[in-house]
Amino acid sequence: MSGWFPFHGGLKTVRHKTESNQQPIRSAALPKHVTVPLRQHIGAIAKPVVQVGERVLKGQMIGQPDGYVSAAVHAPTSGVVAAVDQQAVPHPSGLPDWCVTIESDGEDRWIEREPVDYRRLHPSALRNVLRSAGIVGLGGAAFPSAVKLNLSGHCERLDTLILNGAECEPWITCDDRLMRERAAEIIAGLRVMAQLLEPREVLIGIEDDKPEAIAAMAAACAGSGYAVRPVPARYPSGSVKQLVKLLTGKETPVDGLPVDAGVQCFNVATAYTVHRAIDRGEPVLSRIVTVTGHIRQPQNLEVLLGTSVAELIAQSGGYRDGVRRLIMGGPLMGFALHDDRVPVTKATNCILAASAAELAPEQPVMPCIRCGACADACPAELLPQQLYWHARAKEFDKAQDYHLFSCIECGCCSYVCPSRIPLVQYYRYAKNEIWALEKEKEKAELARQRHQARLERLEREKREREAKLRQKAPPRPAATAEKSPIEDAVARAKASAPPPETAVVTDSRDS
Ligand code: SF4
Ligand code: SF4
């Protein structure tokens, strides 16, 4: 099957790709220090395995995965561990998180690296290699890839493996440049993924405004059986459920995952890191970041993780006058940074320095006029105004009835709303509240279970103590039946009678 299947809603956005995609990818300068967050992925934070003062080599593991849904973290360069503490990290909350800071020794000295003969590995061993290499989705979600490369519990046989090169956010071009310049390496990584998933077909979705990337990827795919499928440049075609619909016509189940419909999807940059892990023995230490907007030299930089955003801006010529906001990710799905000293992480695909021209004009929020424009634009086919009412009224159960968690926070509804209601902010608020309530519930349930377990333990210990006491005590005499006074008298008489051998034998004849 070729062609594509349209999804509901979406936007035709004004593109700002040429600002940054005209130059080849440049390597960013080696920073003096890197601050590497131990949580750069969805799931449990990695456990630090280095101490302050320890020397580390480039590629050495500094944080090990903690549990199934977690990812390893590695030293992006060689040097000395200067701190293991909480630092500012890029997150919408602005809260700090645990990081390992490494003072670079300037040598950038590697650990021993060896390619992996993946064709001979058992699937679980191969997944472990990828897990130890810290591979997560680089499209922004940062979900550990080893988990997604295991189908068990979802479907028996995968119909379609999709490689996502759509890159629909209007300012981001890092995947475009990566596909143009390193297509063969991306396809090498894709082969590894295909070996694990054994899909019936492999499709590569790329928006049709990237002809050079389409040509490069098609050339790299020659003879592989993989198919490059251009899709219309319509936001949010790069969102997973929308790309699945575009390429396969399949709807992802509400509140479900594409894999439940027999489709799995990875970003092109993730496939590239798989290639580096397998063919070069290199864990994830860097990524391509689009640095763009109101700066002097927009470009794509290959950046060591842990490098500060301020350094990237400086290496891109610095800010131009009039920057109003710094955004990580695109203007539609990204979030504002509180500080440019935060480090680049695996999820950082773009830094946008936005002036007033790049931001929506500030206008007063007006009441909802029930025009329905938001519902028309919603690619998830939700009812955004209903979600808004319920989120605003803190009716979280009702918001969930309207599938709040199917909202991909694409921002299409806010973009088209004539009343300028910041709808997505309400959905994020409602989701955070629900998660917080769920956590409270879990805590209360855990406390209840602990209390119950303690009561049971105390009861068991009491029973055991009593059983031991019974074992130690001398056997109690058998209970004697109560005797009547006559029986008592007879017994006493018997007891006071002389022993038989001294008894006087009387004969009535002698008296
Ligand atoms: S687009 Fe805005 S004004 Fe129109 S129905 Fe939706 S929330 Fe209300
Ligand atoms: S942000 Fe959510 S509700 Fe709004 S258009 Fe996107 S998916 Fe729909």
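Just so it is clear, the structure is predicted and the values come from calculations on it, not from any experiment. One-based numbering, in listed order, for ligands and for the atoms of each.
- The protein heavy-atom contact nearest to atom 4 (Fe) of ligand 1 is Cys371 SG, 2.3 Å.
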Distance-only criterion, 3.5 Å: show the donor-acceptor pairs between side-chain atoms of residues 369-383 and protein atoms not counting sequence neighbours.
none

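- The distance from the CG atom of Asn267 to the CG atom of Leu138 is 6.5 Å, given to the nearest 0.5 Å.
- Between the side chains of Thr160 and Glu201, at least one donor-acceptor pair of N or O atoms lies under 3.5 Å.
- Taking every non-hydrogen atom of Pro418 and a distance limit under 4.0 Å, the qualifying atoms of ligand 1 come out as 1 (S).
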- request: For the pair Arg276 and Glu302, evaluate salt bridge (charged side-chain N to carboxylate O under 4.0 Å, His left out) and give the outcome as yes or no after the intermediate values.
  value: CA-CA 14 Å; Arg276 286 181 71 143; Glu302 184 155 25; 3.4 Å; yes
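- Separation of atoms CG (Leu301) and CD (Gln23) is listed at 11.0 Å; rounding is to 0.5 Å.
- Residue contacts to atom 2 (Fe) of ligand 1: Cys417 brings an N, O or S atom closer than 2.8 Å.
- Panel note: side chain Lys17, backbone Asp209; no donor-acceptor pair is recorded below 3.5 Å.
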task: Apply the test salt bridge (charged side-chain N to carboxylate O under 4.0 Å, His left out) to residues Asp175 and Lys210: give CA-CA distance (whole Å), side-chain angles for both, the deciding distance (0.1 Å), then the verdict.
output: CA-CA 10 Å; Asp175 288 348; Lys210 302 178 186 63; over 6 Å; no
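- For ligand 1 and Arg370, the ligand atoms under 4.0 Å from any heavy atom of the residue are 5 (S), 8 (Fe).
- Aromatic pair Trp435/Phe405: centroids less than 6.0 angstrom apart.
- Residues Ser414 and Leu423 come closest through the heavy atom pair OG-N, 3.4 Å.
- Summary of contacts: the protein heavy atom closest to atom 3 (S) of ligand 2 is Tyr427 CE1, 3.5 Å.
- Of all atoms in ligand 1, numbered sequentially from 1 with element shown, those under 4.0 Å from a heavy atom of Gly372 are 4 (Fe), 5 (S).
- Protein nitrogen, oxygen and sulfur atoms, that is N, O or S, within less than 2.8 Å of atom 6 (Fe) of ligand 2 amount to 1.
- Of all protein heavy atoms, the one lying nearest to atom 6 (Fe) of ligand 1 is Cys374 SG, 2.3 Å.
- Between Glu207 and Ser237, the side chains place a donor N or O and an acceptor N or O closer than 3.5 Å (distance only, hydrogens not considered).
- Of all atoms in ligand 1, numbered sequentially from 1 with element shown, those under 4.0 Å from a heavy atom of Ser419 are 3 (S).
- Here Cys368 meets the criterion, with an N, O or S atom under 2.8 Å of atom 8 (Fe) of ligand 1.
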